[in-house]
Each structure stands twice: as structure tokens, then as C-alpha cells.
Q: 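This is the structure I want to talk about, given as C-alpha cells.
Treat the numbers as computed from the prediction; the structure is a model and nothing was measured. The basis for the numbers below is simple: all heavy atoms, side chains too, and nothing from hydrogens, waters or symmetry mates. Just so you know, residue 1 is the first one in the sequence shown, and it goes up from there.
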Amino acid sequence: MDKQTQRDYLYMRMARTWSENSYCVRRKVGAILVKDQMIISDGYNGTPSGFENVCEDENNVSKPYVLHAEANALTKVARSHNSSDGATLYVTASPCMECAKLIIQSGIKRVVYGEKYRIMDGVELLERAGVQVDFMPDKE
């Protein structure tokens, strides 16, 4: 296994670990944003700051204001002095269409994801935009 693949597995393990911070019941998703072999941001799915940590309603449907892990990582880096331009995003589930648009606009050049979601239109949009997309399921 080459050095980059080893790093990819390491960062994906970190994203999976980070997903454990999520209070969401239906699906826990984690994201790690890496640039020049340094983690510049991270995120997991959940409610906005100051909201109760309950992601689903009484019918087990995600509340409309729940943020995806990718969006949390991108907004976190936007508040810092770092730039996501040219970075790689490691995320435990394939990005949705809305997150794909944010990823493209933020200048991320590569996305590595660990699980295929039932709707793959976000991945298709990323590929159409020239973002390198790699599927890396858990090897364990």
C-alpha cells in the first residue's frame, strides 16, 4: 500500500471516529478536511450552535435545520484563517447535492467517502465539476 493510501485510510478512520460526536440517531456522519497533510477542519452532522442536540423529530425524520458534516467542516474552516482551496475532504458518507455545491465552491479538489448513500447525485455533480472523488469503504 502506498503512502497516500495509508494516509487516506488514517483520515477516514479519523472521520469515522469524529462522527461519534453526532447526536443524530438515524445516521452519524463525520468529516475531516486536510490540506498539505494537516487537518484544517472537522465536522459532524448535527444542529446549529445554540440549538438542542436533537436531530430527529417524533417521527424519526431529520429536522430541516440539521447541518451535514461537510457543511459543518466548511463553515468551521471559513471562520478560521485557513483556506480550503486545494484541500481533500474525507467524509463517512457520500455528499448530497447541497453539500457537493458547497464543496465545489470552496475549492476542494478531492473527496474521499466511505459509504454510498441511496442518492448519488452529489457525487455525480462533484465528478462533473472535475473534483476527484474516491470511494474508500472501511477495510476492517
Q: Is it true that a side-chain atom of Ser22 and a backbone atom of Asn45 form a donor plus acceptor pair closer than 3.5 Å?
A: yes
Q: Can you pull the salt bridge (charged side-chain N to carboxylate O under 4.0 Å, His left out) pairs that have at least one residue in residues 1-11, sequence neighbours excluded?
A: Asp8-Arg110
Q: For residues 119-132, which residue pairs qualify under side chain to side chain donor-acceptor pair (under 3.5 Å), counting only residues two or more places apart or in two chains?
A: Gln132-Asp134
Q: Sequence neighbours excluded, which residues qualify as salt bridge (Lys or Arg N to Asp or Glu O under 4.0 Å) partners of Arg27?
A: Glu115
Q: Please name the pair of heavy atoms, one in Ser41 and one in Ala73, separated by the smallest distance, quoted to 0.1 Å.
A: OG-O, 2.7 Å
Q: Scan for salt bridge (charged side-chain N to carboxylate O under 4.0 Å, His left out) pairs involving residues 29-41, sequence neighbours excluded, and state none if there are none.
A: none
Q: Work out which heavy atom in Glu56 is nearest to a heavy atom in Asn60; give both atom names and the distance.
A: CG-OD1, 3.6 Å
Q: Starting from Tyr117 and following side-chain heavy-atom contacts under 4.5 Å between hydrophobic residues (I, L, V, M, F, W, Y), which residues can be reached?
A: Ile119
Q: With sequence neighbours excluded, what pairs up with Lys101 under the salt bridge (Lys or Arg N to Asp or Glu O under 4.0 Å) test?
A: Glu98
Q: Other than Phe135, which residues form its hydrophobic cluster under the rule that side-chain heavy atoms must be closer than 4.5 Å?
A: Val29, Leu33, Ile40, Leu74, Val77, Leu89, Val91, Met97, Leu102, Ile103, Ile104, Ile108, Val111, Tyr113, Met120, Val123, Leu125, Leu126, Val131, Val133
Q: Under 4.5 Å side-chain heavy-atom separation, chaining through any Ile, Leu, Val, Met, Phe, Trp or Tyr, what else clusters with Met14? Say none if it is isolated.
A: Met1, Tyr9, Leu10, Tyr11, Met12, Trp18, Ile32, Val34, Ile39, Tyr44, Tyr90, Val112, Met136
Q: Say whether, by atom type as modelled, one donor and one acceptor occur between the side chain of Ser106 and the main chain of Ser84 under 3.5 angstrom.
A: no
Q: Taking all atoms of both residues into account, what is the closest heavy-atom pair of Ser19 and Gly30, and its distance?
A: CB-N, 3.2 Å
Q: Side-chain atoms of residues 62-69: list all donor-acceptor pairs with protein atoms under 3.5 Å, sequence neighbours left out, distances to 0.1 Å.
A:
{"from": "Ser62", "atom 1": "OG", "to": "Arg26", "atom 2": "NH1", "distance (Å)": "3.0"}
{"from": "Lys63", "atom 1": "NZ", "to": "Glu52", "atom 2": "OE2", "distance (Å)": "3.1"}
{"from": "Tyr65", "atom 1": "OH", "to": "Glu52", "atom 2": "OE2", "distance (Å)": "2.8"}

Q: Mind jotting down which residue pairs meet the disulfide (SG to SG under 2.5 Å) criterion with at least one end in residues 73-117? Sequence neighbours excluded, please.
A: none
Q: Taking only residues two or more places apart in sequence, or in another chain, which ones meet Cys24 in a disulfide bond (SG atoms under 2.5 Å apart)?
A: Cys55
Q: Treating Asn59 as the side-chain partner and Val61 as the backbone partner, does any N or O pair qualify as donor plus acceptor under 3.5 Å?
A: no
Q: Can you pull the salt bridge (charged side-chain N to carboxylate O under 4.0 Å, His left out) pairs that have at least one residue in residues 73-93, sequence neighbours excluded?
A: Asp42-Lys76
